Amino acid sequence: MLLPIDQPLDLVSTLLSGQAFRWRIGDATSFSSPGPPRRTGEDVASSRQVREEPWYHGVIYRNIVKLRIVPGGIEFYSAPDDERVVAPLLMDYLGLNVDINEVYRNIGTDDRLRASIAHYPGMRILRQEPWECLVSFLCAQASNIPRITKNIEDMATAFGRPLELDAPAGSGVRGMVRRSSFPTPQELATATRQQLWDLRLGYRADYIYETTQLVAEGKVDLAAMREMDYDRTLAAMMEIPGVGDKVANCIMLFSLDRLDAFPVDVWIDRAMHEWYFTPQGKKLNRKQLRLWAMQQWGRHAGYANHYLFHGRRLMGKEDQREGSVA
DNA sequence: AGCCAGGCCCTCC
DNA sequence: GGAGGGCCTGGC
């Protein structure tokens with residue numbers, strides 16, 4: 001099915017850069033290292049080099065979704081639910097209801113940000129499912145993307161529901177995709193503390209165990225948090241074990257409709273001191289940085305955060321993986 | 001071998 | 001209120 005879009009969308013930056021952890025590149029289920037771009041194999045003889053966008057697959061709303069960019073929009077398949085059912089969910093999940101050009105006008109306030117925007121046009125903030133997002137960022141403290149990805153996948157495999165997507169013949173999609181849904185709070189609540197510990201989550205296992213009980217028992221109501229104002233949502237989030245200011249802001253930004261949320265991690269901390277509070281200025285703590293940013297960029301501060309984060313990796317160090325194949 | 005990671009929490013000052 | 005150390009595990 002084709003989902004028409006008329007604004008830039010950069011799938012690799014949006015899906016694989018650390019806001020969600022269940023997206024993979026490639027036609028079929030494969031957890032081997034991504035490696036170099038794969039050959040299509042069929043149109044090698046063709047003199048005209050048709051540059052085809054890669055497929056991605058992930059799991060949202062208990063569906064496997066496989067998608068890629070095509071002229072005019074997004075081509076996608078889903079299972080077990082029909083594409084007509086998944087289409088609006090996918091649209092919403094990808095944040096395509098947000099006018100990104102308006103966002104850029106609001107956050108393009110200096111050269112650094114404008115450079116980052118120019119380098120990552122179409123990198124979006126996802127609108128994820130709050131429960132999965134919460135567990136993901138409980139995993140994230142003192143960790144890294146590959147490890148978080150493994151932790152989340154292990155929980156899905158152990159406590160979620162197995163799914164498969166068999167692409168229709170002649171669709172040009174090759175390979176069966178087998179994934180598991182991320183467990184619901186009730187499903188994950190069946191896990192014992194020891195079982196979680198055995199997934200090698202480290203000390204995060206305790207946070208996840210405690211949090212799962214709270215959500216499954218209804219003592220934490222994530223859906224309700226989408227309706228609250230920023231301060232109330234933040235306060236409610238920080239009641240959750242293992243959730244501090246940074247993690248709360250990540251969850252709020254990526255899943256609770258708070259595009260004004262501004263998570264300050266070590267990288268943002270460095271970038272802001274380096275770029276906005278230069279040498280001798282007194283050091284601001286993380287909460288002060290967040291308040292300053294929210295003042296500066298208002299209701300799209302979270303987008304500024306994401307572009308600062310990626311902008312710094314752009315200028316700070318070399319860009320190791322970049323899909324700019326000739 | 002030893003240090004540290006995309007934090008949080010608890011203790012102590 | 002804020003600085004400092006501990007915490008599972010994995011990677012360098």
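Predicted model only: the values in this text are computed from it and were never measured.
The aromatic rings of A:H306 and A:F309 sit parallel, their planes meeting at an angle under 30°, below the 60° perpendicular limit. Between A:W292 and A:F277, the ring planes lie perpendicular to each other; the angle is over 60°, past the 30° to 60° tilted range.
For A:F182 and A:F159, the ring centers are positioned 6.0 Å apart or more. Under the 6.0 Å cut-off for aromatic ring centres, A:W197 and A:Y209 do not qualify, their centroids lying 6.0 Å or more apart.
The heavy-atom pair separating A:P80 from A:N63 by the smallest distance is N-OD1, 3.3 Å.
Between A:I148 atom CD1 and B:dA5 atom C1' the separation is 10 Å, expressed in whole Å. The distance between atom CE of A:M237 and atom P of B:dC8, rounded to the nearest whole Å, is 11 Å. Rounded to an integer number of Å, the gap from A:R147 CZ to B:dC4 C1' is 13 Å.
Each of A:Y207 and A:Q288 has a nearest nucleotide on DNA chain C; the 5'-most of these lies closest to A:Q288.
Under the stacking criterion of a centre-to-centre distance below 5.5 angstrom and an interplanar angle below 30°, A:W267 is not stacked against the six-membered ring of B:dG6.
A continuous path of ILVMFWY side-chain contacts below 4.5 Å connects A:F137 to A:I145, so both sit in one hydrophobic cluster.
Side-chain contact of A:N249 with A:Y230: a donor-acceptor pair under 3.5 Å is present, judged by distance alone. If you check the side chains of A:Y303 and A:Y104, you find no donor sitting under 3.5 Å from an acceptor. Between the side chains of A:T109 and A:W297, at least one donor N or O lies within less than 3.5 Å of an accepting N or O. Side-chain polar atoms of A:Q128 and A:R22 form no donor-acceptor pair below 3.5 angstrom.
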Pair A:K283-A:D269, salt bridge (charged side-chain N to carboxylate O under 4.0 Å, His left out): steps then yes or no: CA-CA 10 Å; A:K283 183 135 173 42; A:D269 189 327; 3.4 Å; yes
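At a threshold of 4.0 angstrom between heavy atoms, the contacts of A:I268 with the nucleic acid are absent. At a threshold of 4.0 angstrom between heavy atoms, the contacts of A:R200 are confined to the sugar-phosphate backbone, with no base atom among them. Across all strands, A:P146 comes closer than 4.0 Å to no nucleic acid atom at all (heavy-atom distances).
Shown for residues 130-143 of chain A: residues whose heavy atoms fall under 4.0 angstrom of DNA chain B, namely A:Q141, A:A142, A:S143.
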Given Watson-Crick or G-U pairs with both distances under 3.5 Å, what dot-bracket string fits DNA chain C, with | for other-strand pairs and [ ] for crossing? |||||||.||||
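B:dT11 and C:dC8 are spaced 15 Å apart, taking the P atom of each and rounding to whole Å. Annotation: B:dG6 and C:dG2 have their P atoms spaced 25 Å apart (nearest Å).
Where DNA chain C meets chain A (any atom under 4.0 Å from a heavy atom), the bounding nucleotides read 5' to 3' are C:dG2 to C:dG10.
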